[in-house]
*Asks:* 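My structure is below; once you've seen it, I'll send some questions.
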2 protein chains.
Amino acid sequence: MKMSGGVEWALHCAVVLSAADRPVPAVRLAELHDVSSSYLAKQLQALSRAGLIRAAQGHAGGYELARPADGITVLDVVEAVDGAQPAFTCTEIRQRGPLATPPEACLRPCPIARTMSVADQAWRAALRAVTVADLAQEVTGDNTDAFTVLRGWLTA
Amino acid sequence: MKMSGGVEWALHCAVVLSAADRPVPAVRLAELHDVSSSYLAKQLQALSRAGLIRAAQGHAGGYELARPADGITVLDVVEAVDGAQPAFTCTEIRQRGPLATPPEACLRPCPIARTMSVADQAWRAALRAVTVADLAQEVTGDNTDAFTVLRGWLTA
DNA sequence: GGATCGTTACTCGGATAATAAGTGTCCGAGTGAACGAGG
DNA sequence: CCTCGTTCACTCGGACACTTATTATCCGAGTAACGATCC
């Protein structure tokens with residue numbers, strides 16, 4: 001029950017990219033957060049494959065958001081990096097062993113799987129309710145010129 | 001973001017134990033579900049350490065629920081087997097790098113950690129709302145004598 | 001006959017290998033921009 | 001002065017080792033029941 005550590009990096013990068021007005025290279029994002037650039041690239045590639053960010057190659061290239069920040073939810077980022085499959089997978093052990101339940105009585109998922117599914121959907125709903133734009137606004141808070149200095153550092 | 005596979009076994013065992021009227025050995029539970037008895041023992045030990053089930057040693061020993069089935073929630077079992085720590089852990093990368101946020105501005109968790117925490121609490125609340133007794137009742141459904149044949153197989 | 005002691009078989013518990021996933025790193029393919037030569 | 005071709009440096013992308021967590025297994029410590037023995 002442990003989430004991939006790269007999810008945190010990907011979310012921070014998404015917030016930073018929402019403030020940038022031009023493509024930002026992965027190396028720049030890495031030294032901004034003081035993390036391994038090679039490994040951060042892996043997370044950004046996952047975001048790119050999911051269609052959340054767009055990659056621009058060549059000179060003055062980098063990554064930029066493919067959609068407006070208020071159209072990208074936290075769940076989108078989490079699923080892109082960590083996988084979209086639910087945490088719990090029912091192996092149907094009720095159909096095994098000497099007292100196996102007959103298949104005709106297993107048309108619906110077992111109560112355990114249903115309970116897990118409900119909890120999983122609640123978790124996803126909570127993450128779907130927050131967008132990258134919401135995170136960015138909370139990060140800045142009252143000092144609105146935080147984005148200005150960030151842009152200046154990104155372009156320098 | 002993957003849950004330990006033993007959680008499913010532990011939950012099924014909890015439901016079975018709620019129907020038993022005497023201690024059930026781990027080997028019996030293992031062959032009932034057709035799983036590795038040695039590995040299932042590890043999960044049962046975790047439940048025992050958490051105080052959910054009680055172990056009786058010696059001849060005619062085994063495991064039995066330490067509390068009434070309606071007093072054990074699904075969350076209790078999940079936390080006992082898979083750990084109680086939340087899936088997301090904030091590493092405070094906002095305090096690192098050239099544009100590090102000063103510590104005096106980090107008195108509260110960052111928005112990302114807050115969002116994850118809210119989602120985690122929603123997930124836990126959904127699991128806390130279901131007890132082992134609820135699962136047992138749903139498993140039996142209309143054929144109420146399912147527990148009778150189960151007890152007969154456990155004692156035989 | 002009853003109680004006691006020793007034996008025995010059965011139980012859990014933690015310590016120990018094998019496996020899969022996650023983490024971290026590297027170098028090559030591709031691309032856009034900049035620079036210089038020519039018109 | 002403008003346009004075109006070439007070169008070049010910079011970018012991403014996927015393929016390759018290493019570490020950590022999960023999965024699976026084994027054998028030893030402890031204990032309750034059973035049976036034989038003694039009072």
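Hydrogens, waters and symmetry mates play no part in the numbers below; they use all other heavy atoms, side chains included. Letters go in sequence order (proteins before strands), and every chain restarts at 1.
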*Asks:* Quick one: B:R22 CZ to C:dC10 C1', roughly how many Å, whole number?
*Replies:*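 Going from CZ in B:R22 over to C1' in C:dC10 covers 16 Å.
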*Asks:* Strictly below 4.0 Å, heavy-atom distances to any atom of DNA chain D: list the hits from residues 3-17 of chain B, or just say none.
*Replies:*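 Listed by number, they are B:S4, B:G5.
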*Asks:* Can you pull the salt bridge (charged side-chain N to carboxylate O under 4.0 Å, His left out) pairs that have at least one residue in residues 59-76 of chain A, sequence neighbours excluded?
*Replies:* none
*Asks:* Scan residues 33-50 of chain A for pairs that pass salt bridge (charged side-chain N to carboxylate O under 4.0 Å, His left out), counting only residues two or more places apart or in two chains.
*Replies:* A:D34-B:R96
*Asks:* Would you say CD of A:E138 has more than 12 non-hydrogen atoms from neighbouring residues, nucleotides or ligands within 6.0 angstrom?
*Replies:*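 Yes, because the 6.0 Å sphere around CD of A:E138 holds more than 12 heavy atoms from other groups.
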*Asks:* Nearest nucleotide by nearest heavy atom, which residue falls closer to the 5' end of DNA chain D, B:D82 or B:S36?
*Replies:*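 Nearest-nucleotide comparison on DNA chain D picks B:D82.
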*Asks:* Rounded to whole Å, how long is the line connecting atom NZ of B:K42 with atom P of C:dA15?
*Replies:*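 Answer to the nearest Å: 10 Å.
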*Asks:* Considering only residues two or more places apart or on different chains, which pairs with a residue in residues 121-131 of chain B satisfy salt bridge (charged side-chain N to carboxylate O under 4.0 Å, His left out)?
*Replies:* B:E79-B:R124, B:D120-B:R124
*Asks:* C:dA21 C1' sits how many Å from A:M1 CE, rounded?
*Replies:*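 Rounding to the nearest Å, CE of A:M1 and C1' of C:dA21 are 16 Å apart.
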*Asks:* Restricting to pairs with a member in residues 52-101 of chain B, which pass ring pair (Phe, Tyr, Trp, His ring centres under 6.0 Å), not counting sequence neighbours?
*Replies:* none
*Asks:* What's the verdict on side chain to side chain contact (heavy atoms under 4.5 Å, CB included) for B:I72 and B:T131, showing C-alpha distance, side-chain angles and the deciding distance?
*Replies:* CA-CA 6 Å; B:I72 301 177; B:T131 68; over 6 Å; no
*Asks:* Hey, is CD on A:Q85 packed in by over 12 heavy atoms from elsewhere, all under 6.0 Å?
*Replies:*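 Atom CD in A:Q85 is not packed in, count stays at 12 or less.
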*Asks:* With each end axis built from five pairs of C1' atoms, what bend angle do you get for the helix from C:dG1-D:dC39 to C:dG39-D:dC1? Round to 10°.
*Replies:* 20°
*Asks:* Polar atom pairs between nucleotides 11-13 of chain D and protein, under 3.5 Å, N or O only, would you list them?
*Replies:*
from, atom 1, to, atom 2, distance (Å)
D:dT11, O4', A:G58, O, 3.2
D:dC12, OP1, A:A26, N, 3.1
D:dG13, OP2, A:Y63, OH, 2.7
D:dG13, N7, A:Q45, NE2, 3.3

*Asks:* I need the CZ-P distance between A:R28 and D:dC10, as an integer number of Å.
*Replies:*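 That distance rounds to 12 Å.
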*Asks:* Following the transitive rule for hydrophobic clusters with a side-chain heavy-atom cut-off under 4.5 Å over Ile, Leu, Val, Met, Phe, Trp and Tyr, establish whether B:V118 and A:V74 coincide in one cluster.
*Replies:* no
*Asks:* OP1 or OP2 of D:dT23 versus the side-chain N and O atoms of B:Y39: is any pair under 4.0 Å?
*Replies:* yes
*Asks:* Heavy atoms under 4.0 Å, any strand shown: does B:R49 hit a base, just sugar-phosphate, or nothing?
*Replies:* sugar-phosphate
*Asks:* Could you report the tightest heavy-atom contact between B:P109 and B:R114, atom names first, then the distance?
*Replies:*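 What the structure gives for the nearest pair is O-NH1, 2.7 Å.
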*Asks:* For nucleotides 18-21 of chain D, tabulate all protein N/O to nucleotide N/O atom pairs closer than 3.5 Å, reporting atom names and distance.
*Replies:*
none

*Asks:* According to ring pair (Phe, Tyr, Trp, His ring centres under 6.0 Å), does anything in residues 26-53 of chain A pair up with another residue at least two apart or in another chain? List the pairs.
*Replies:* A:W9-A:Y39, A:H12-A:H33
*Asks:* Ignoring hydrogens and angles, write down the donor-acceptor pairs under 3.5 Å from the side chains of residues 148-156 of chain B, residues two or more places apart or on other chains.
*Replies:*
from, atom 1, to, atom 2, distance (Å)
B:R151, NE, B:A19, O, 2.7
B:T155, OG1, B:R151, O, 3.2
B:T155, OG1, B:G152, O, 3.0

*Asks:* A:R54: which residues meet the salt bridge (charged side-chain N to carboxylate O under 4.0 Å, His left out) condition with it, sequence neighbours left out?
*Replies:*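 Checked A:R54 against salt bridge (charged side-chain N to carboxylate O under 4.0 Å, His left out); zero matches.
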*Asks:* Sequence neighbours left out, what pairs pass salt bridge (charged side-chain N to carboxylate O under 4.0 Å, His left out) with at least one residue falling in residues 2-24 of chain A?
*Replies:* none
